[in-house]
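These figures come from a predicted structure and were not determined experimentally. Heavy-atom basis, side chains included; hydrogens, waters and symmetry copies ignored.
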Protein chains: 2
Amino acid sequence: MPTHTRDKLLDVAEELFAAKGISGTSLRVLTKTAGTNLAAVHYHFGSKDGLVDAVFERRATALNRDRLADLARIEATCEGDTPPVEDILRAFIAPGARMLDELKDRRALIVRLRCRVEAEAPAVVEALVRRHFGVTCARFLEALQRAMPELGKELVAERFRYSLATLSLTFSETFDLDTIPGHPPTGSHDALRAERLIDFLAAGLRAGPDTPRRPSA
Amino acid sequence: MPTHTRDKLLDVAEELFAAKGISGTSLRVLTKTAGTNLAAVHYHFGSKDGLVDAVFERRATALNRDRLADLARIEATCEGDTPPVEDILRAFIAPGARMLDELKDRRALIVRLRCRVEAEAPAVVEALVRRHFGVTCARFLEALQRAMPELGKELVAERFRYSLATLSLTFSETFDLDTIPGHPPTGSHDALRAERLIDFLAAGLRAGPDTPRRPSA
DNA sequence: GTCTATAACGGGATAGAC
DNA sequence: GTCTATCCCGTTATAGAC
């Protein structure tokens with residue numbers, strides 16, 4: 001295989017970036033782990049930034065495709081009407097959860113990468129996140145705004161932002177480890193966790209001022 | 001003032017850590033911004049890690065104190081009964097939002113730091129977040145579990161985790177800038193945004209399988 | 001308590017052989 | 001397409017004068 005080294009670099013980079021962050025991963029340990037050397041990175045990707053972008057793009061492309069396809073399908077199902085919020089959320093969340101379950105052996109994924117990127121330099125966030133996810137997120141935002149016209153576009157946008165924040169951190173490893181001592185991550189099956197997350201987010205997105213203060217008690 | 005340099009270092013460090021992350025901030029630019037030099041850091045804090053911990057602790061101490069005080073107060077108000085979910089959330093969220101508004105001129109805060117830390121090395125997360133916020137989070141989790149016994153402790157714990165994730169990223173600068181192109185951050189007043197966040201999270205925390213699929217349409 | 005100067009190290013990028 | 005060797009820079013940490 002001519003580009004075997006290239007793929008190996010992508011795999012190892014994805015894994016290490018997700019685990020230790022981008023700036024926390026040096027090309028030295030990266031290439032040593034991949035069984036190659038520094039020069040290979042610069043030959044195949046031009047620079048570390050080039051490698052970062054390639055790693056990100058490989059998953060983002062597939063993820064965006066699946067998300068938009070799922071959304072289009074459910075929108076086609078309910079002719080003329082808008083799909084329920086849960087279904088829109090599922091179209092956004094499920095493809096990532098599916099990926100997580102499929103790639104479970106290698107502990108690397110764009111879903112975790114998305115969280116990792118948060119703390120990189122603003123330029124990196126701008127270049128990667130907005131570029132790779134901007135249009136898809138805008139598309140889903142529209143769908144949600146159409147599904148809840150009574151809330152107003154601004155409020156839905158703000159709540160969608162909250163949802164994205166939750167999603168970003170939920171599937172990261174580090175967040176599960178901390179903050180609540182003694183309470184390990186609940187389910188190993190990410191697809192199941194996704195359903196519980198959808199319940200949580202859908203209720204939050206739909207929240208109205210008329211929410212009952214005490215449910216049943 | 002004898003320890004003027006020390007305070008200056010803490011202020012500048014907090015600001016830069018929140019803006020560029022910990023590993024993204026070098027002691028060189030940090031000390032130059034503070035108008036001092038490398039040696040001062042090691043004299044006052046022993047190492048960069050020592051500085052990080054001091055920066056974190058200064059805000060965490062005050063934040064935990066305020067959060068627990070607010071919670072104790074609202075629990076005292078409703079004798080014997082459990083306070084509503086919104087009030088518990090407000091006791092957790094409002095102190096941070098207050099801090100943000102008060103320290104607005106300097107754009108630094110533990111609330112943003114909390115997000116920044118996410119992508120640092122796991123050791124940093126473990127050392128800082130769990131240590132500084134562990135007991136307080138556990139205390140609030142108990143309160144929420146008492147407020148919603150019908151949901152079961154595990155589900156409440158999982159949803160509280162979602163809430164913490166949302167809170168962590170919501171007040172970060174970077175997250176607002178990306179992901180949804182063309183939609184700048186909504187309100188400048190963080191206390192107001194906190195109330196909207198409370199609505200969102202409370203509805204999510206309380207979500208039941210009986211949530212209506214379409215609210216009013 | 002604060003400084004300058006420097007040590008000791010690790011980072012990404014590159015040249016050039018093969 | 002892959003390697004070794006090296007360059008150059010920025011990093012933290014430290015020594016020692018004041």
Point to revise | Atom-to-atom span, CG of Asp49(B) to C1' of dT11(D) - whole angstrom | key: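 So the two atoms are 14 Å apart, to the nearest Å.
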
Exercise for review: Provide, to the nearest angstrom, the distance between the CZ atom belonging to Phe45(B) and the P atom belonging to dG1(C).
Suggested key: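 After rounding, the gap between these two atoms is 12 Å.
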
May I ask you to verify if any side-chain N or O of [X] is less than 4.0 angstrom from the OP1 or OP2 atom of [N]?
X	N	value
Tyr43(B)	dG1(C)	yes
His4(A)	dG1(D)	no
Thr5(B)	dG1(C)	no
Thr36(B)	dC3(C)	yes

Exercise for review: Return the set of residues passing salt bridge (Lys or Arg N to Asp or Glu O under 4.0 Å) with Asp70(B) (not counting sequence neighbours), or none when no residue passes.
Suggested key: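 For Asp70(B), the residues satisfying salt bridge (Lys or Arg N to Asp or Glu O under 4.0 Å) (neighbours in sequence not counted) are Arg73(B), Arg98(B).
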
Review point. Between Asn37(A) and Gly46(B), who's closer to the 5' end of DNA chain D by nearest nucleotide?
Key: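 The residue whose closest nucleotide sits nearer the 5' end is Asn37(A).
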
Check your understanding: What nucleic acid atoms does Ala39(A) come within less than 4.0 Å of, heavy atoms only: base, sugar-phosphate, or nothing?
Key ->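 Contact class for Ala39(A): base.
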
Considering residues at least two apart in sequence or located in another chain, which fulfil the side-chain hydrogen bond (donor to acceptor under 3.5 Å, both in side chains) criterion with [X]?
X	result
Thr136(A)	Asn64(A)
Arg65(A)	none
Glu195(A)	Arg90(A)

Check your understanding: Does His42(A) have any ring-ring contact (aromatic ring centres under 6.0 Å, His included) partners at least two apart in sequence or in another chain, and if so, which?
Key ->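 His42(A) satisfies ring-ring contact (aromatic ring centres under 6.0 Å, His included) with no residue once adjacent residues are dropped.
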
Check your understanding: Is the NZ or CZ atom of Arg159(A) both under 6.0 Å from the centre of the six-membered ring of Phe200(B) and within 45° of that ring's axis?
Key ->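 Relative to the ring axis of Phe200(B), which defines the angle, Arg159(A) lies outside at least one limit.
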
Between protein and nucleic acid, restricted to nucleotides 8-12 of chain C and to nitrogen or oxygen atoms under 3.5 Å apart, what atom pairs and distances do you find?
{"residue": "dG11(C)", "atom": "OP1", "partner": "Ser26(A)", "partner atom": "OG", "Å": "3.2"}
{"residue": "dG11(C)", "atom": "N7", "partner": "Arg28(A)", "partner atom": "NH1", "Å": "3.1"}
{"residue": "dG12(C)", "atom": "OP1", "partner": "Leu27(A)", "partner atom": "N", "Å": "3.3"}
{"residue": "dG12(C)", "atom": "OP1", "partner": "Lys48(A)", "partner atom": "NZ", "Å": "3.1"}
{"residue": "dG12(C)", "atom": "OP2", "partner": "Leu27(A)", "partner atom": "N", "Å": "2.7"}
{"residue": "dG12(C)", "atom": "N7", "partner": "Arg28(A)", "partner atom": "NH1", "Å": "2.8"}
{"residue": "dG12(C)", "atom": "O6", "partner": "Arg28(A)", "partner atom": "NH1", "Å": "3.2"}
{"residue": "dG12(C)", "atom": "O6", "partner": "Arg28(A)", "partner atom": "NH2", "Å": "3.2"}

